[in-house]
Each structure stands twice: as structure tokens, then as C-alpha cells.
There are 2 protein chains.
Amino acid sequence: MRIPVAATSIVDAITTDLRNRLFSGELTPEVALTETEIAASYNVARPTAKAAIERLVGEGLLMRGLHKTARVAVLGPDAVRDIYLARAYLESEIVRRLAAQKLAPTGAVAANQEIANLTAGSPMDLIEPDIRFHLSLIDAVGSERVNKMYQSLMSEVRLCMTRVQSLNLLEPGLIHAEHQRILELLEAGDGEAAAQLLDDHLGRARERLVAALGGEAGPQAAIATPLLG
Amino acid sequence: MRIPVAATSIVDAITTDLRNRLFSGELTPEVALTETEIAASYNVARPTAKAAIERLVGEGLLMRGLHKTARVAVLGPDAVRDIYLARAYLESEIVRRLAAQKLAPTGAVAANQEIANLTAGSPMDLIEPDIRFHLSLIDAVGSERVNKMYQSLMSEVRLCMTRVQSLNLLEPGLIHAEHQRILELLEAGDGEAAAQLLDDHLGRARERLVAALGGEAGPQAAIATPLLG
DNA sequence: GACTCATTGATTGTCTAACAAGTGTGCACG
DNA sequence: CGTGCACACTTGTTAGACAATCAATGAGTC
């Protein structure tokens with residue numbers, strides 16, 4: 001039994017709650033998300049639960065075929081490569097334009113500071129500020145549609161992350177340093193170098209994620225640029 | 001009364017038909033898309049019509065607030081700029097990567113040939129092959145997500161086009177020539193030049209569309225590069 | 001004993017009917 | 001002439017029901 005949610009729309013509330021439960025790792029691809037079960041757990045009618053499920057299917061977080069039960073989307077190595085390719089397309093172009101304005105978004109600076117302040121806690125604590133850093137870059141261009149597209153991609157990244165949360169494929173120190181360097185390059189107006197570094201940055205995250213998911217990691221998994229010490 | 005549609009799913013069929021009617025210009029932002037009316041016209045129940053409407057809202061083709069009737073989305077000058085900015089982000093990065101492979105997609109070549117073969121008919125006849133040209137470029141990278149994002153953008157572009165179909169803001173000869181030059185640059189491996197030309201190409205289309213929608217056209221509306229004789 | 005096919009249960013797709021809640025409009029009243 | 005109220009319209013949500021389909025189990029056959 002789940003507490004009754006109330007907001008602008010019941011479907012909205014259920015969708016949001018389900019999404020959070022997806023990101024928290026509570027819902028896995030193994031559990032069946034029956035319309036009736038969800039309806040019962042939220043104390044709503046079946047069509048309401050159905051609508052929430054269909055929205056999440058539209059977002060790519062749930063999968064379901066005709067007449068089949070919805071399940072959490074399974075994102076394999078090729079899906080991760082696809083997601084990060086799309087990320088790279090958007091982000092590398094964006095850093096080029098930000099560099100042209102010699103602009104380092106304050107939100108990104110703040111998010112990276114959070115990463116620097118991280119004590120050696122759970123690896124999961126790194127994910128949120130990391131996402132916020134990249135999201136701040138996108139936000140800085142102020143495009144509604146680019147924002148929406150990127151947010152959709154990051155939703156899927158979040159979903160991946162929850163599946164491999166135990167492995168510490170992320171090194172806060174390195175990530176902070178690379179973010180810092182990107183910000184410096186933005187302020188310096190060197191878009192080409194910033195785009196190149198970002199490509200490395202994303203490439204490494206991508207290949208390590210691929211490896212953690214059972215795929216074969218490409219060469220980008222290694223630390224290419226000697227940034228530290 | 002509308003003929004009963006039948007396909008994999010009734011909601012799918014209605015969504016597709018509504019989308020086509022949107023692109024055909026039959027449905028305008030002035031007409032109210034009531035759930036009951038749509039349900040009656042397709043001989044289905046209201047929840048079915050509701051689901052179709054909500055899908056199109058999710059695609060950005062329809063707009064509707066809470067407890068308000070759905071209407072065709074109105075895309076003003078700023079929306080057009082936003083759409084074309086996102087297009088530019090995706091496409092310029094893509095031509096860079098295609099150029100690295102010295103690859104000119106056959107689909108794009110074919111689509112551009114169609115443009116060349118156009119007799120002086122309706123300006124609308126240019127839209128489909130033009131869209132197919134750009135879509136072929138995106139297709140060539142073979143990314144599911146990039147494809148979906150781009151297709152969503154082009155849906156909105158199509159919607160815009162139907163609103164200004166009378167004006168002939170597109171010159172087939174110039175468009176064909178620019179496409180041709182882009183393809184040549186791709187084969188030559190000059191990604192930077194191809195991206196630059198594509199930016200001009202999109203920028204001109206963007207500003208003319210903006211002007212046609214009542215906005216103030218930017219300098220990109222003029223023909224910058226002397227491509228033709 | 002293994003394989004094929006039919007039956008069963010579960011789940012979704014769709015419908016009918018209805019009530020509640022919100023929005024907007026028009027009319028009556030001050 | 002302006003304000004407020006009542007009404008119609010529309011959407012949000014619910015309940016219950018039936019058909020179609022999918023997965024799995026069981027029976028029957030070779």
C-alpha cells in the first residue's frame with residue numbers, strides 16, 4: 001500500500017513517483033509493472049495507472065509491447081553507446097558556442113564545486129552533481145528543445161547508473177579536474193579544445209559504463225590525457 | 001463522420017491520422033480538438049480519443065493546459081529559432097562526422113535529385129524531398145536516439161510549413177545547389193566547410209520562416225554565399 | 001519419454017456509463 | 001454599466017465489463 005499522492009494531476013504525481021522509484025533502483029527490469037498492481041498500490045483506477053505507464057514508455061524509461069506487461073527498460077552496451085553519442089553531439093556543439101561567448105555557466109561552476117567537496121562517501125553521491133554540471137552547460141544556451149532532448153538522454157543515463165551503482169567507475173578527483181579544465185577553456189574562448197576534452201570525458205565514462213554492463217570496453221576507457229600531477 | 005480506422009492499435013491509428021491531418025493543414029490552431037468530438041468522428045470511446053490527443057501533446061504537436069481543450073500548437077518566431085538552433089546543433093555535428101568518413105549518404109543524393117527534377121509546381125512539393133535530404137544525413141549515422149530527436153524537430157518544422165505554405169520562401173534551384181555542395185564537401189572530407197555551409201543553409205531557411213511568421217528576419221535571410229553562377 | 005496441441009489464467013485494449021471538478025460565458029441584478 | 005452568480009461545456013477520474021491476446025500449464029499422441 002502506497003500513500004495517496006496529490007498534485008496538479010494524479011497521473012502527473014504517479015508518473016513522477018514511478019520515475020523516482022526507477023532512478024532509486026527500487027524498480028528493476030525483473031519486476032512486472034502490471035496496470036492493476038500499480039493502480040492498486042496507488043489507490044487509483046486502472047486507466048489512471050495506464051496513463052502513467054504510457055507516459056514513461058514515451059520517455060523511454062519503460063518498455064512494453066502490444067498486450068504485454070510493462071517492464072523497466074534494459075539498456076545494454078549498444079544503447080549506452082547510442083545515448084552517449086547523442087550526448088556528445090549536443091554537448092560538443094554547445095561548448096563550442098559557449099566558448100564563442102567566453103562564458104562559463106555559474107551553475108556548472110557550483111556543481112563542480114560540490115564534486116570537489118565530496119567526502120569519500122557512496123559512489124552514488126557523485127552522480128547528481130555530475131549530471132547537474134552537464135545540465136548547467138545545456139541550460140546556459142537557453143533552448144527549450146535542446147534542454148528537453150538532453151534531459152531525456154540524462155534520464156536514460158540515470159537509469160543505467162542505478163544498474164551499476166556498486167562499481168566505482170567514477171573517480172571524483174579526475175572528474176572534477178576535467179570539469180575544471182573545460183570551464184577554463186570556455187572562459188578562454190578555446191571551443192575546439194573544450195569540445196575535444198569533453199569528447200574524451202564522455203568517451204571514458206561511456207566505455208567504462210559499457211564495460212560495467214558486460215560489453216567490451218573500447219580504448220577510450222583508459223585515462224588518455226595526463227591532467228593530474 | 002470519419003471512416004473507421006484499423007491497424008495494430010486503434011489509438012495508434014487515430015494518432016497517425018490526426019498527425020497527417022495536422023501536417024495537411026486541415027487542422028489549425030483555431031479549431032478546438034474536443035475529446036468528445038474526436039471520439040465521435042472516429043466512432044471510438046472518449047478514453048481512446050483522449051489517449052491519442054495526449055500522445056500528440058507529448059510530441060509537441062498539440063498543446064493543452066489542465067482542464068482545457070487541446071489545440072494545434074502555435075509556433076511563433078522564437079519557437080522557430082529554437083527548433084532551428086536544435087537542428088543546427090545536431091546536423092552540424094553530424095556532417096563533421098560524416099565528412100570524417102568521407103561519406104555522402106545515398107539517400108541524401110537521391111532526395112536531392114528529386115529536388116532537381118522538380119517542375120515548377122506547388123511550393124509544397126519541395127518540402128518532402130527537402131526533409132528527406134536532411135533526414136537521410138541523420139539516418140546515415142545510424143543512431144536511434146539522434147534519429148528520434150531529429151524526427152521530433154522535423155515534425156514541428158512540418159507544422160510550421162503548413163502555416164506558411166502560400167509564400168514561396170524556398171527556391172528549389174538554390175536549395176538543390178547548396179545540398180549538392182554539402183554532399184561534395186562530405187565526400188571531400190572537409191567537415192568544417194560542410195558544417196559552415198549547412199549553418200548558412202539552415203540559417204537562411206530559419207530567418208525566412210521567421211519573417212513569414214511575422215517576426216523580424218535576421219541578416220541570415222539574405223543569400224550570403226554566391227553559389228550560383 | 002518427448003513433442004504437439006488445446007485449455008486456462010492473466011493481462012491488456014477498448015467500451016459504456018457516470019460523477020466530480022474546473023473553465024468560460026451569458027444573464028440577471030445591483 | 002459593472003459585478004456576481006448560475007449554467008453549459010469540457011476534462012479528470014472512477015467503476016465495471018467484455019473481447020483479444022499472450023504465457024504457461026496440462027493432456028494427448030507418437
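Applying the salt bridge (charged side-chain N to carboxylate O under 4.0 Å, His left out) criterion to B:Arg96, with sequence neighbours excluded, gives A:Glu93, B:Glu93, B:Glu192. For A:Glu144, the salt bridge (charged side-chain N to carboxylate O under 4.0 Å, His left out) test picks out no residue, with sequence neighbours left out. By the side chain to side chain donor-acceptor pair (under 3.5 Å) test, A:Thr28 is found to be paired with A:Glu30, residues two or more places apart in sequence or in another chain being considered. Partners of A:Phe133 according to the ring pair (Phe, Tyr, Trp, His ring centres under 6.0 Å) rule, which considers only residues two or more places apart in sequence or in another chain, are A:His179. Every residue meeting the side chain to side chain donor-acceptor pair (under 3.5 Å) condition with B:Glu114, not counting sequence neighbours, appears here in chain and number order: B:Arg132. When the salt bridge (charged side-chain N to carboxylate O under 4.0 Å, His left out) test is applied to B:Arg145, the partners found at least two apart in sequence or on another chain are A:Asp82, A:Glu156.
Atom CD1 in B:Ile14 sits about 14 Å away from atom P in C:dG13, given to the nearest Å. Straight-line distance from the CD atom of B:Glu35 to the C1' atom of C:dT14: 15 Å, rounded to whole Å. In this structure, A:Glu37 atom CD and C:dT11 atom C1' are separated by 11 Å, rounded to whole Å. When rounded to the nearest whole Å, the span between CD1 of B:Ile38 and C1' of C:dT14 equals 17 Å. When the C1' atom of C:dT14 is taken as reference, atom CG of B:Asn43 falls 14 Å away, rounded to whole Å. Put simply, CZ on B:Arg46 is 13 Å from P on C:dA17, counting in whole angstrom units. Atom CD1 in A:Ile53 sits roughly 11 Å away from atom C1' in C:dT11 (whole-Å rounding).
For the pair B:Arg55 and A:Glu54, the salt-bridge criterion is not met [side-chain N within less than 4.0 Å of a carboxylate O].
To the nearest 0.5 Å, the span separating CG on A:Leu153 from CG on A:Leu90 amounts to 6.5 Å.
Contacts of residues 54-68 of chain A with DNA chain C (heavy atom under 4.0 Å): A:Arg64, A:His67, A:Lys68.
Listed pair B:Ser9 / C:dT12 fails the phosphate criterion, with no side-chain N or O lying under 4.0 Å from OP1 or OP2.
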Distance-only donor-acceptor pairs under 3.5 Å for side chains of residues 61-70 of chain A, two or more places apart:
unit_1	atom_1	unit_2	atom_2	d
A:Arg64	NH1	A:Glu35	OE2	3.1
A:Arg64	NH2	A:Glu35	OE2	3.2

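The footprint of chain B on DNA chain D, defined by a heavy-atom cutoff below 4.0 Å, extends from D:dT10 to D:dT13.
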